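Report on one structure; see the data block that follows.
Just so it is clear, the structure is predicted and the values come from calculations on it, not from any experiment. Naming convention: chains lettered A, B, ... in sequence-line order (proteins, then strands); numbering from 1 in each chain.
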2 protein chains.
Amino acid sequence: MNFNAITIRDIARALQLSVSTVSKALRDSYEISEKTKKLVVEYAEKNNYRPNPIAQSLKKGHSKSIGIVVSTIENQFFSQVINGIESVAYQAGFNVIFTQTHESYEMEVKNVDQLAHHSLDGLLISLSTETKDIEHLKLLHKRGLPIVFFDRISNEIDTHKVIADNFKGGYDATKHLIDSGYSKIAHITSPPNISITKERLAGYNQALKDAGLTVPPEYIKHCSHGGRDIGEIENSLNELLALKERPDAIFTTSDRITTTTLLLLNKLGIKIPEQIALVGYTNTTLADALNPPLTSVYQPAFEMGQKAAEMLLNLILSKRPVTEFETVTLPTQLFVRKSTAPREV
Amino acid sequence: MNFNAITIRDIARALQLSVSTVSKALRDSYEISEKTKKLVVEYAEKNNYRPNPIAQSLKKGHSKSIGIVVSTIENQFFSQVINGIESVAYQAGFNVIFTQTHESYEMEVKNVDQLAHHSLDGLLISLSTETKDIEHLKLLHKRGLPIVFFDRISNEIDTHKVIADNFKGGYDATKHLIDSGYSKIAHITSPPNISITKERLAGYNQALKDAGLTVPPEYIKHCSHGGRDIGEIENSLNELLALKERPDAIFTTSDRITTTTLLLLNKLGIKIPEQIALVGYTNTTLADALNPPLTSVYQPAFEMGQKAAEMLLNLILSKRPVTEFETVTLPTQLFVRKSTAPREV
DNA sequence: TTGAAAGCGCTACCAG
DNA sequence: CTGGTAGCGCTTTCAA
């Protein structure tokens, strides 16, 4: 409150008391008489006094706020995660400060730096697709900043982590395609350096293997910017469609890649699932209303946010240094819809 | 940085200098010799010194952060707005702190209060659907907190505002339906107390009037929670469908109401637009991929966020009190798609 | 039960 | 050019 608010001093002066007495009275200290307390509290209330949290922060050494770094809020998955984070942070009286990397490593470093030096008590982060090196985080972590990873994590820092079961998500999606009669299954995904890509890809590969299927390496497309621009998704898709051995199904990861693929397929007039089936990771609430209704791998995003926030709060509030860390894995759900209807033979 | 960071004092001690000299050297003051500056700056850099922004805030009286209050981030419109806000705030070196009201007046009051007393430099707000009274904001505004309204605004506070052209959005949508051969046009919208509802409704009414059409009052449905729960949308829709004079088209407002209506209609097996046409406000990027592709009123959400943030920053950074305020109105766009295909007679 | 005073980290004023 | 000191608003010993 820079806008000339009433301070503890003002009320001390008005009541002919000392600053410390007022401070104690406000915090309901046992050292202060009921009478004085009442006097102070009433005056404070009447004049709408609020302690200046900046001063409190400076004194106490913490700011009651946590930072969030995500790639972009304009993605249902992340907005749901943030929603979850906010809900628990709010309950605990913590503020939430957030920034977006737009999948850029440089932005990530800058954001983290800015946040870290804006005195927050903890950091919640999902790495950008470009991020390979996490020195920027290691440094802060070493200096004592509590960090919890979610979604796109790194194993180079020993701390709490929350992820969805990416392997199973990939496995289930692929297996479902196989069970529905598809065998030439392509995969459009994010860059191979980030955790979720590897895990989902592993699930995909395992499902193929378990079914005794093999696919040519050209069936796996990595969008180096995680689908940040439509162009790279379009290229991947076109390349797949141009293959002599054209895939009969596609498994996509991430909201952006999934919905864009659907959009493009529709635009090209390619019938789903008749000409090509589609299953993808997405948290959109509109999967049922899409054309066709889209079989989707859904992640419990809200719960992921809640869990991550809880873990971070634990770290922050813990009296003694935490040395035991856990990685929580949340289940994904496969919602079967028309885009993967059993293949007609 | 509560995690034992290096302070200006540490470096003063290490270099056998005074605190003030170090402070000045760091701020590149003309009073300090080049030699000392170099010494200090190098030491600071080597030891990764960062000024404690909390202390700076306390000293300077501002925090370099702005607060955002929206109903829910899990709505493409708002996430796009926030995206816009963040982009300009970031450029200006401001942090963004956000909270959600979930359309509850009580939450709004609490959030505003919490934010306001968390020492921010300015506030960006879109009112909750429940909000009728804005004393909570008036008070802060009177005390000097810069506020900019966007989307759901109030005229009870004289300040900058950014809105989309809601009247025209409503008018265009309705006129388009009329031009496409529909005449029994219903309207499902938010509660009548919020600005956007009134404006869009006015546009709807005007378009009907201009076409010489009248509709029974039962054609206008207000969802008292702005569509926060599906139930109220479902009820409105069912009531409309049960009317003896059943509407042949529906105009909906807000992402939530629009997409839910589409979902429900699909579920009921009602053909769009054959049995009932649909046009709605929504900022979803998936309108083209919906079943059927949805004619939508699109608001320049990102630009709205940018504009609102710019205005707020102006207010914050302005040396002298601002007394001239403006209300910026951004154009909406009508994207015509299949859900309002010309009526076959 | 109350108050004086120190100090969180920084900036700014005034002396030297 | 450098340093001492006050003070932002609050909490917290320590005395009284």
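- Contact between D121(A) and P146(A) at its shortest, heavy atoms only, is O-CD, 3.2 Å.
- With rounding to whole Å, R27(B) atom CZ is found 18 Å from dC1(D) atom C1'.
- Residue contacts for T36(B): at a heavy-atom cut-off of 4.0 Å it reaches the sugar-phosphate backbone alone, with no base atom in range.
- At the phosphate of dC10(D), OP1 or OP2 sits under 4.0 Å from a side-chain N or O atom of Y49(A).
- Checked against dG9(D), dT11(D), dT2(D), the side chain of L58(A) finds its nearest nucleotide in dG9(D).
- Residue Q56(A) has no polar side-chain atom (N or O) positioned under 4.0 Å from OP1 or OP2 of dG9(D).
- Here the nucleotide nearest the side chain of S18(A), chosen from dT11(D), dG3(C), dT11(C), is dG3(C).
- Atom-to-atom, NZ of K60(A) to P of dG9(D) comes out at 17 Å; the value is rounded to the nearest Å.
- More than 12 heavy atoms of other shown residues, nucleotides or ligands fall within 6.0 angstrom of atom NZ in K138(A).
- With hydrogens and angles disregarded, no donor-acceptor distance shorter than 3.5 Å links the side chain of N95(A) to the backbone of L115(B).
- As a whole-Å value, the separation of D28(A) CG from dT2(C) P is 13 Å.
- Look at R9(A) and you'll find a side-chain N or O under 4.0 angstrom from OP1 or OP2 of dC8(D).
- Comparing S29(B) and V19(A), the nucleotide of DNA chain D nearest to each residue sits closer to the 5' end for S29(B).
- To the nearest 0.5 Å, the span separating CG on N193(B) from CG on D133(B) amounts to 11.5 Å.
- Across all strands, E31(A) comes closer than 4.0 Å to base atoms (heavy-atom distances).
- As a whole-Å value, the separation of R13(B) CZ from dG3(D) C1' is 16 Å.
- Of the candidate nucleotides dG3(C), dC10(C), dT2(D), dT2(D) has the atom nearest to the side chain of T21(B).
- S23(A) comes within 4.0 angstrom of a base, heavy atoms only.
- Residue S20(B) is in base contact, counting any heavy-atom pair closer than 4.0 Å across all strands shown.
- In terms of polar N and O atoms assigned as donor or acceptor, the side chain of K59(A) comes within less than 3.5 Å of the base of dG7(C) in a complementary pairing.
- Residue S33(A) is in sugar-phosphate contact alone, with no base atom involved, counting any heavy-atom pair closer than 4.0 Å across all strands shown.
- Contact check for V22(B) versus Y43(B): no side-chain heavy atoms found under the 4.5 Å cut-off.
- The listed nucleotides are dT11(D), dC13(C), dC10(C); the one nearest the side chain of N52(B) is dC10(C).
- One can place CG of L26(A) at 14 Å from P of dT2(C), the figure rounded to the nearest angstrom.
- As rounded to whole Å, 13 Å separates atom C1' of dT2(D) from atom NZ of K37(B).
- Residue-level contact check: T7(B) touches the backbone only, with heavy atoms under 4.0 Å from sugar-phosphate atoms and none from bases.
- Between H136(B) and Y105(B), the distance from one ring center to the other falls under 6.0 angstrom.
- Between the OH atom of Y30(A) and the C1' atom of dT11(D) there is a distance of 14 Å, rounded to whole Å.
- Distances from the side chain of I32(A) to the nucleotides dT2(C), dG3(D), dT11(D) place dT2(C) closest.
- Atom C1' of nucleotide dC8(C) and atom CG of D10(B) are separated by 13 Å, given to the nearest angstrom.
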